[in-house]
Colleague: 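One structure follows; several queries about it will come next.
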Number of protein chains: 2
Amino acid sequence: MDAVQDEAAGKRARGLDRAFEILDFLRHKRQALKPNEIAAQIGAPRSSVYELVNLLLRNGILEFTGGEGRVYLGRKLYFLGAAYENHFDFTRECEATLEHLADETRETAQFCMLDGNKYTVVRMREGARPFRISTDIGQSVPIPWTASGRLLVAHLSDQEILNFIPPEDFRLPSSEWLEPQTFIAEVRHAEREGFFTFNSIVDSFTHCFAVPVRDDEGHIAGTLCLVTPRDDGLANRDRYLACLKKAAADLNQTPTRQKRA
Amino acid sequence: MDAVQDEAAGKRARGLDRAFEILDFLRHKRQALKPNEIAAQIGAPRSSVYELVNLLLRNGILEFTGGEGRVYLGRKLYFLGAAYENHFDFTRECEATLEHLADETRETAQFCMLDGNKYTVVRMREGARPFRISTDIGQSVPIPWTASGRLLVAHLSDQEILNFIPPEDFRLPSSEWLEPQTFIAEVRHAEREGFFTFNSIVDSFTHCFAVPVRDDEGHIAGTLCLVTPRDDGLANRDRYLACLKKAAADLNQTPTRQKRA
DNA sequence: TGTCTATGTCCAATATATCGTACATATGAT
DNA sequence: ATCATATGTACGATATATTGGACATAGACA
């Protein structure tokens, strides 16, 4: 019930899909698990999971860790991820930009992207405040819950947006229902304005700012965000937006471009 | 003829294994390739490669990039790799240690690990010299070609070492043959001494220093290395070794330990 | 024009991967 | 002692994934 793997009932799952379901599951659990536990929690046949886990262990994609036969993501994944990061060399500039933003505003600055059909924080820099606001990086969050979400799906048509976002993700953490048409209207508005800001819907004390970061072809590849206390956000709105836009413009110079190509 | 996937002839390859063969191949090529090219270069059936590439694209493991239908490693791999890095939180301390080492010695400092049955540079910090010595990170190199290699296989028995290292890797870049027994003797010597140094066999002007970094269970998880011009290396041998050992001791305090567990 | 290579799609045959089930063991509760 | 649960292994049946080859298209070249 986590990923997109159901389709019709009574069908066999493909090994590759299940394998990556296991990897994603471990990623979100953020801890080593026994094959048995994995099978139970993702609702897959135990024998299949044992088979796949052994295959992945042999390939270095999973590793034994934590004892008792528990497994977690393996070193090979680190190497592959590093190769991706090296190819699309956004990290270095991104880090510098976030640091600059956080210094300038004293607020928490984030770089966010889509992970499949969810939103995720890729990099974060906490602001210089006595009480700092931070989030877990790498966690998947429903797109409609976030300011960035309004920008990250802007390249899709209305219908594509509805197909792309799982319907249950329009149910907000407050258990309120966000009408998809309302969301789409906000997407179009954000697209035209070039930014989106609102009082966060995942809590009651933060205000969020998001501006788009575009890739070579002009598509929105990610967003730069500020997460601030509500009063600060409202008080400094214009200045913060200006900072964000300038930072994004810098990033757009040399964004997700390949180093060698 | 690249990975370990042949076994007997006439057998079908398992999708999962081939998939990771494709990923590793792209990683080492360090560029986007067409499915057709991938198939030709790894010697796999074209139809299989197209099928697998499409599956991997759907999962975000591969991405279209570079145009003309070329594919490269995808964002999902970055997320998975980041989760690994987060779990085994060696990166931050490692980076600081390397910086310190490079400052102290003005030489190039590296952190190296095994990638399957090859050696690879995980992190590197270039020294402060007019002519700096550097290497590609993430590239696979035969274990016997490197100083670190003597330490990274020290936990294996003689026979296990022979089984682990592909025989052709004892053929040095100079086309000389390194007798496996000689290599093993060097491994045992390095193990006892707690370091290994030599004039590099991959070029004619560098001297290499390597000391082990151990994980919680005392196994060698990686190495810290210095790569220096030969004369500097010989002249400062004792000091450099002392720096390395001190740095490794620092890393061993909080090495590849899980943050939450 | 005809021929070659490079590229991608489609399809049927069969080798095999997935999955249900049974089995083995340990641990803890009743 | 008996039962229930958690964990890992073994194996056969069958749904299907892998594969070779046919087919289509486009460009290069002579």
Colleague: With sequence neighbours left out, what residues match A/S47 under side-chain hydrogen bond (donor to acceptor under 3.5 Å, both in side chains)?
Modeller: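 So A/S47 forms no side-chain hydrogen bond (donor to acceptor under 3.5 Å, both in side chains) with any residue.
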Colleague: When you check the gap from the basic side-chain N to the acidic O, do B/D169 and B/K118 get nearer than 4.0 Å?
Modeller: yes
Colleague: Given atom CG of B/D17 and atom P of D/dT19, what is their separation to the nearest angstrom?
Modeller: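 After rounding, the gap between these two atoms is 11 Å.
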Colleague: Under the side-chain hydrogen bond (donor to acceptor under 3.5 Å, both in side chains) test, which residues partner B/Y78, sequence neighbours left out?
Modeller: A/R123
Colleague: Would you mind listing every salt bridge (charged side-chain N to carboxylate O under 4.0 Å, His left out) that reaches into residues 148-165 of chain A, with sequence neighbours excluded?
Modeller: A/R150-A/E186, A/D158-A/R188
Colleague: Between B/L52 (CG) and C/dT9 (P), how many Å, whole number?
Modeller: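 Answer to the nearest Å: 14 Å.
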Colleague: Please report how far the helix from C/dT1-D/dA30 to C/dT30-D/dA1 bends, comparing the axis fitted to its first five pairs with the axis fitted to its last five, to the nearest 10 degrees.
Modeller: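 What I find for the helix from C/dT1-D/dA30 to C/dT30-D/dA1 is an axis angle of 20°.
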Colleague: Can you tell me which residue pairs pass the salt bridge (charged side-chain N to carboxylate O under 4.0 Å, His left out) test with a partner in residues 41-56 of chain A, sequence neighbours excluded?
Modeller: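 Non-adjacent pairs meeting salt bridge (charged side-chain N to carboxylate O under 4.0 Å, His left out): A/E51-B/R14.
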Colleague: Checking all strands, does A/A13 fall into the base, sugar-phosphate, or nothing category for heavy-atom contacts under 4.0 angstrom?
Modeller: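 Sugar-phosphate, backbone atoms only, no base.
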Colleague: Please check: side-chain N/O of A/D17 versus main-chain N/O of A/A13, any donor-acceptor pairing under 3.5 Å?
Modeller: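 No, A/D17 side chain to A/A13 backbone: no donor-acceptor pair under 3.5 Å.
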Colleague: What integer distance in Å separates B/L55:CG from D/dA17:P?
Modeller: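 Rounded to the whole Å, the gap is 9 Å.
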Colleague: Would you call the rings of B/Y84 and B/F90 parallel, tilted or perpendicular if under 30° counts as parallel and over 60° as perpendicular?
Modeller: perpendicular
Colleague: Rounding to a whole Å, what distance do you find between B/E51:CD and D/dA17:P?
Modeller: 8 Å
Colleague: Separation of B/L16 atom CG from C/dT16 atom P, in whole Å?
Modeller: 16 Å
Colleague: For nucleotides 6-13 of chain D, tabulate all protein N/O to nucleotide N/O atom pairs closer than 3.5 Å, reporting atom names and distance.
Modeller:
from: D/dT7; atom 1: OP1; to: A/K34; atom 2: NZ; distance (Å): 3.3
from: D/dT7; atom 1: OP2; to: A/N36; atom 2: ND2; distance (Å): 3.3
from: D/dT7; atom 1: O5'; to: A/N36; atom 2: ND2; distance (Å): 3.4
from: D/dG8; atom 1: OP2; to: A/Y50; atom 2: OH; distance (Å): 2.7
from: D/dG8; atom 1: O5'; to: A/Y50; atom 2: OH; distance (Å): 3.2
from: D/dG8; atom 1: N7; to: A/R46; atom 2: NH1; distance (Å): 2.8
from: D/dG8; atom 1: O6; to: A/R46; atom 2: NH2; distance (Å): 2.8

Colleague: Got a salt bridge between B/D115 and A/K76, using NZ or NE/NH1/NH2 to carboxylate O under 4.0 Å?
Modeller: yes
